[in-house]
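The structure appears below as C-alpha cells.
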Protein chains: 2
Amino acid sequence: MARRSDHSREELEELALRTARKIVESEGAQTLTARRLAGDIGYTPGTLYHLFGSMDGVIYRINAETLEKIKEEIAPLHKRKPAQDIPADIHKMAAAYINFAHTHRELWLLLFNTQSAEQPPAWYVEKIEESFSPLEEVMKPLYKKESELKLAARALWSAIHGICYLEITQKGPMRKSRQNATEMAKYLITSFLNGQDRAKA
Amino acid sequence: MARRSDHSREELEELALRTARKIVESEGAQTLTARRLAGDIGYTPGTLYHLFGSMDGVIYRINAETLEKIKEEIAPLHKRKPAQDIPADIHKMAAAYINFAHTHRELWLLLFNTQSAEQPPAWYVEKIEESFSPLEEVMKPLYKKESELKLAARALWSAIHGICYLEITQKGPMRKSRQNATEMAKYLITSFLNGQDRAKA
DNA sequence: CTCAATAATTAAACATTGTTCAATTATTAG
DNA sequence: CTAATAATTGAACAATGTTTAATTATTGAG
C-alpha cells in the first residue's frame, strides 16, 4: 500500500497530473486510462477517484494546464508600446497557436478532440474565456465599441482555430503539410483586417 | 435466428444505417453501441461486424451520409446565372451550414466530435473533399488563379466551420444563443470579402 | 428431391474501460 | 496507547468493441 506520507495531497495531485500529461504526450489520449495512470504513479485507480472524482476530472485539469500554456505562448507576442504594427502581432499569434498545436499535438487533441460525459466545471469555462483574451487585447485599439471588439476578436480567433483543427484532425480538406494551415491563416487574417479598415473608412 | 432471406445484404446495410442514424439523432452518439444497434434491427453484434467490419465502419458510413446531406443543403443556394451577388450566396451558405449543425446537432457532432481508431477509408476522404466544393464553386469568379481560389475557399470555409464548432461544442468562448455563431460568421465573411476586393484593386 | 458446400447468423467468450465501495491500512488526536 | 479519522486498496460491476467456433439457413449439383 502506498504510504500517504509519501506526498501531501497537493504533491500527489501534481505528480498524477504530470504523469498523465507525459502519457498523453508520448502515447496519445487513448492510452490515458485509470489503471495505467494509477500504475505509473504507484497507486491504484481508487486513489485517482479520491483525488479527481473521475477521469474526466483528470482530463479537465490537464486541459486547463494546456490552455494556460497556450496563453503563455501567445500573450507575450504583443508588445504594449503604442503605435505598434497590430496586424503583425496578430499574424504572430496565429502562427504561434498553430505551431503549438503541432508541437503539442496530443495535448491539443485532448483539449479539442475529446468528448466528456460531464459538464465542464465553472473554473474550466473561465479558463477558456481567458485563453482568448490576448487576441482581444491586441485588437483593442482597432475598435471603439467594446461589443464590436468582442465580436471581431472571437470571430477571428474561432476562424484561426477552425483552420488549425481541420488540418490536424484531417477532418477537413487539407492533407498536406503544416504549411497549409499557417498559410491559410495568414491569408484569412490579411483579408479580414483589410476588410475591417475599409468598413471604417 | 434472423433469416437471411428477410433482406438482401444491401437492404440489411441500409436498415442498419437508417436505424443507427435514428439512434444518434434521438439519443446521441454515446448510445450508438454494437449491441444496441444490433438489437434494434433484430440481429446480433456479429452481423454488424460481418457487414461493416467495425463500429467505426458504421460511423464512417453514417458520416458520409451526413456530408452528403450538408452538401445537398448548401449547393442549391448558388444560382448559376452570371452577375450574381456572390457575397449574398456565401452568407446564405454559411447560415445554412450553421443551421444544419443546430438542427442535426447529434449527427453533426458524430461527424466532427468523435475520434476513431481506424484511419478514414479513401472513399470517405473523397466525400470530405466534395463537401467543400460548393463554396469553391461560388467563389470561382473572384479569382484568376486556381491556387488562390482553393486557398481562399478553404480558409473561409474552415473559418466558418471553426466558429460553428466552438459554439456547438462549447469549447470556445461563446455561451449564448445560436445568434452568435451566425452573427460572427456574417461579420467574418463581410470583412474577409471586403479585404479581398481591396487587395485586388 | 437430397445432400454436400457455402454463406450468414449467433452465442459465448475476451480484454478493456470507467466507476463504486466495503474492507484494510496508515495517520492523527486525545 | 487507543480511538477516531482519513487514505488506499482490491475486488467487483456493468458496459464497451471485438473475435471465433458452432449453428443455422441457403444454394447448387447430381
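No experiment lies behind these values; they were computed from the predicted model shown. For the numbers below, each heavy atom of this structure counts, side chains included, while hydrogens, waters and symmetry mates do not. Here is the naming used below: chain letters follow the sequence lines, and residue numbers restart at 1 for every chain.
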Run the salt-bridge test on B:Lys127 and B:Glu65 with the 4.0 Å N-O cut-off and return the result as yes or no. no
Measure the distance from CZ on B:Phe52 to C1' on C:dA8 and round it to the nearest whole Å. 15 Å
Can you check the B:Leu48 CG to D:dT16 P distance for me, whole Å? 13 Å
Between C:dT17 (P) and A:Ile59 (CD1): distance, integer Å: 13 Å
Nearest-Å distance, CE (A:Met55) to C1' (D:dT16)? 17 Å
Rounded to the nearest angstrom, tell me the gap between atom OH in A:Tyr49 and atom P in C:dT19. 3 Å
Can you name the nearest heavy-atom pair linking B:Tyr165 to A:Phe112, along with the distance? OH-O, 2.5 Å
CG of B:Leu51 versus C1' of C:dA8: gap in Å, rounded? 9 Å
What nucleotide, of D:dT18, D:dA12, D:dA7, holds the atom closest to the side chain of A:Arg35? D:dA12
Is it the case that A:His102 and A:Glu167 place a side-chain donor and acceptor less than 3.5 Å from each other? yes
Ranking D:dG17, C:dG18, C:dT9 by distance to the side chain of B:Thr47, first place goes to C:dT9
Does B:His50 place a side-chain N or O at less than 4.0 Å from the phosphate oxygens OP1/OP2 of C:dA8? yes
Pair A:Glu136, A:Tyr143: side-chain N/O donor-acceptor within cut-off below 3.5 Å: no
Distance in angstrom units between B:Leu37 CG and C:dT9 P, rounded: 14 Å
Between CD of B:Glu10 and P of C:dA8 the distance, given in whole Å, is 11 Å
More 5' along DNA chain D: A:Tyr43 or B:Thr33, using each one's nearest nucleotide? A:Tyr43
